[in-house]
Amino acid sequence: MRKRITVFLLCFVFAYTIFADSFPVMAAQLSYESDHEYHEEGYIFIGESHIGIAMAYFGSIADEAGNVPDVDGVKFFYTDNGLDNYVMKGNLFFVCEGTDKRTQSAKEYIYSDGNGRRGKAVERVHAVIEANPNIAHWNIILYQGTAQAKLGSQSIADYYVASYQNWIDYEFPEADIYFLSISTMTKYFKACRNPELLNDALRCAFPDTFLDYTEFYNERYPQGMWDPSQRSDTVHWSWNTYQELITGVIREVQNRRLDTDTINIVTTDTVLYTNDSTVIYALPNLDSEVLFPRVETGLPIHVTGITDNGFFRIALGETTAYVEAAGLDETTKVSGM
């Protein structure tokens with residue numbers, strides 16, 4: 001039953017991406033929640049209908065525990081409540097507008113002036129990050145611009161570069177931001193005189209973080225398109241292609257992060273006790289959000305892990321938090337809690 005429902009929903013999403021102009025436009029309701037588990041890395045993909053289809057498909061292939069196939073350390077919990085009402089949590093998120101083709105395809109969607117004026121995509125990315133203080137580091141992958149690239153306009157390319165520079169300098173300075181190349185070899189771009197103009201502008205402006213997947217697309221074109229035999233689509237890829245693309249990008253980002261210091265956690269099941277130095281943090285980092293600057297001494301705390309940078313991972317109901325090692329006393333150990 002779940003498989004039949006999933007196929008129906010995915011076909012429904014696909015139909016909207018093709019015929020969206022004939023449907024009334026409604027604002028998408030995207031709710032980004034926390035799973036309250038510590039994640040060293042978080043991943044946010046931003047885009048148009050490419051990302052909308054990928055979002056729905058990944059919701060169908062993640063297992064009950066949220067694990068995403070073919071990639072390590074990625075959790076995705078997804079609920080589609082219908083009428084462009086989506087709920088996501090884990091450490092993988094998708095930002096799009098569902099069936100609102102006009103909003104997500106406009107260049108204003110990713111706009112930032114570096115002084116507080118923001119497009120809808122920027123607002124949504126901030127919402128994801130604010131809802132997930134349990135994620136230590138963010139990787140933002142931008143795959144928006146298919147409709148704008150078709151216009152082949154230098155002014156549009158300059159607009160994207162300027163806005164994205166403000167993403168880096170002003171909006172999300174602590175995140176790593178990547179720019180995924182647009183697949184301009186499809187028939188959708190046949191009438192465009194300069195379909196590579198936007199890709200070239202981003203490649204030139206952000207050479208270290210531009211992800212050129214031209215070879216990936218060429219290897220799968222046209223057999224990896226939605227339905228090349230019937231020529232029912234000139235721009236979208238098959239579900240399997242989107243899975244290969246998204247997981248491939250995540251693995252590439254993970255490889256780039258290998259040289260970055262990571263925090264390892266040894267699982268334990270112990271009770272320790274608060275003292276005069278106890279401060280409870282959102283993350284195992286003294287610079288992270290302080291959840292409780294002071295607590296009563298002698299309180300029992302359920303410890304679920306020990307980090308290699310000197311913190312105890314603790315369970316506060318459904319919330320995972322952290323205390324520096326000196327902030328808990330080892331008075332009594334209780335196993336099997």
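Computation of the quantities below employed the complete heavy-atom set of this structure, encompassing side-chain atoms and omitting hydrogens, waters and symmetry-equivalent molecules. Residue indices begin at 1 and follow the sequence shown.
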Applying side chain to side chain donor-acceptor pair (under 3.5 Å), name anything that partners [X], two or more places apart in sequence or on another chain.
X    : value
T209 : none
Y213 : E252
Q243 : D70
K107 : none

Under the side-chain contact (heavy atoms from CB on, under 4.5 Å) test, which residues partner [X], sequence neighbours left out?
X    : result
T79  : N81, V87
N134 : S34, D35, H39, N132
A205 : V161

Closest approach of [X] and [Y], non-hydrogen atoms and distance?
X    : Y    : answer
N285 : F311 : N-CZ, 3.6 Å
L180 : V249 : CD1-CG2, 4.0 Å
M185 : T214 : CE-O, 4.2 Å
I246 : A54  : CG1-CB, 4.2 Å
H236 : M225 : O-CE, 3.3 Å
A62  : F76  : CB-O, 3.5 Å

(request) Could you go through the side-chain contact (heavy atoms from CB on, under 4.5 Å) check for Y273 and L328 one step at a time? (result) CA-CA 5 Å; Y273 295 83; L328 294 178; over 6 Å; no

Could you check whether any side-chain heavy atom of [X] comes within less than 4.5 Å of a side-chain heavy atom of [Y], counting everything from C-beta outward?
X    : Y    : result
L272 : T270 : yes
V271 : I301 : no
I46  : V125 : yes
Y178 : L142 : no
F292 : L316 : yes
L286 : Y281 : yes
V235 : D233 : yes
R256 : L211 : yes

[X]-[Y] co-clustered via ILVMFWY side chain contacts under 4.5 Å:
X    : Y    : result
L197 : L151 : no
I177 : F210 : yes
I168 : Y170 : no
I182 : F216 : yes
I314 : L299 : no

Could you pull out all residues at least two apart from [X] that satisfy ring pair (Phe, Tyr, Trp, His ring centres under 6.0 Å)?
X    : answer
Y111 : Y159
Y43  : none
F206 : F179
H126 : F172

Test item: [X] side-chain N/O and [Y] main-chain N/O as donor-acceptor pair under 3.5 Å:
X    : Y    : answer
R313 : T304 : yes
T320 : H36  : yes
T184 : P195 : no

Will you find, in the side chains of [X] and [Y], an N or O donor that is under 3.5 Å from an N or O acceptor?
X    : Y    : value
S238 : T241 : yes
N240 : Y242 : no
Q223 : Y221 : no

(message) T274 vs V295, test: side-chain contact (heavy atoms from CB on, under 4.5 Å). Steps then yes/no.
(response) CA-CA 7 Å; T274 58; V295 297; 3.8 Å; yes

How about [X]: does its [atom1] atom have over 12 heavy atoms from other parts shown lying under 6.0 Å from it?
X    : atom1 : answer
E296 : CD    : no
N218 : CG    : yes
R294 : CZ    : no

(request) Can you spot which of F45, Y143, F94 makes a ring pair (Phe, Tyr, Trp, His ring centres under 6.0 Å) with H50? (result) Y143

(request) Could you point out which residue of Y217, Y57, W226 forms a ring pair (Phe, Tyr, Trp, His ring centres under 6.0 Å) with W237? (result)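 Going through Y217, Y57, W226 one by one, the ring pair (Phe, Tyr, Trp, His ring centres under 6.0 Å) with W237 is satisfied by Y217 alone.
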
(request) Write out all pairs satisfying salt bridge (charged side-chain N to carboxylate O under 4.0 Å, His left out) with one or both partners inside residues 189-207, taking only residues at least two apart or from two chains. (result) D200-R203, R203-D212

(request) Check each of E48, Q144, E97, Q104 against Y109 using the side-chain hydrogen bond (donor to acceptor under 3.5 Å, both in side chains) test, and report the only one that passes. (result) E97

(message) Under 4.0 Å between a side-chain nitrogen and a carboxylate oxygen: does that hold for K75 and E37?
(response) no

(message) With a 4.0 Å cut-off on N to O distance, would you call R257 and D176 a salt bridge?
(response)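 Salt bridge: yes.
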
(request) Determine, step by step, whether D84 and Y86 satisfy the side-chain hydrogen bond (donor to acceptor under 3.5 Å, both in side chains) criterion, reporting the C-alpha distance in whole Å, the side-chain angles of both residues, the deciding distance to 0.1 Å, and the verdict. (result) CA-CA 6 Å; D84 274 0; Y86 312 104; 2.8 Å; yes

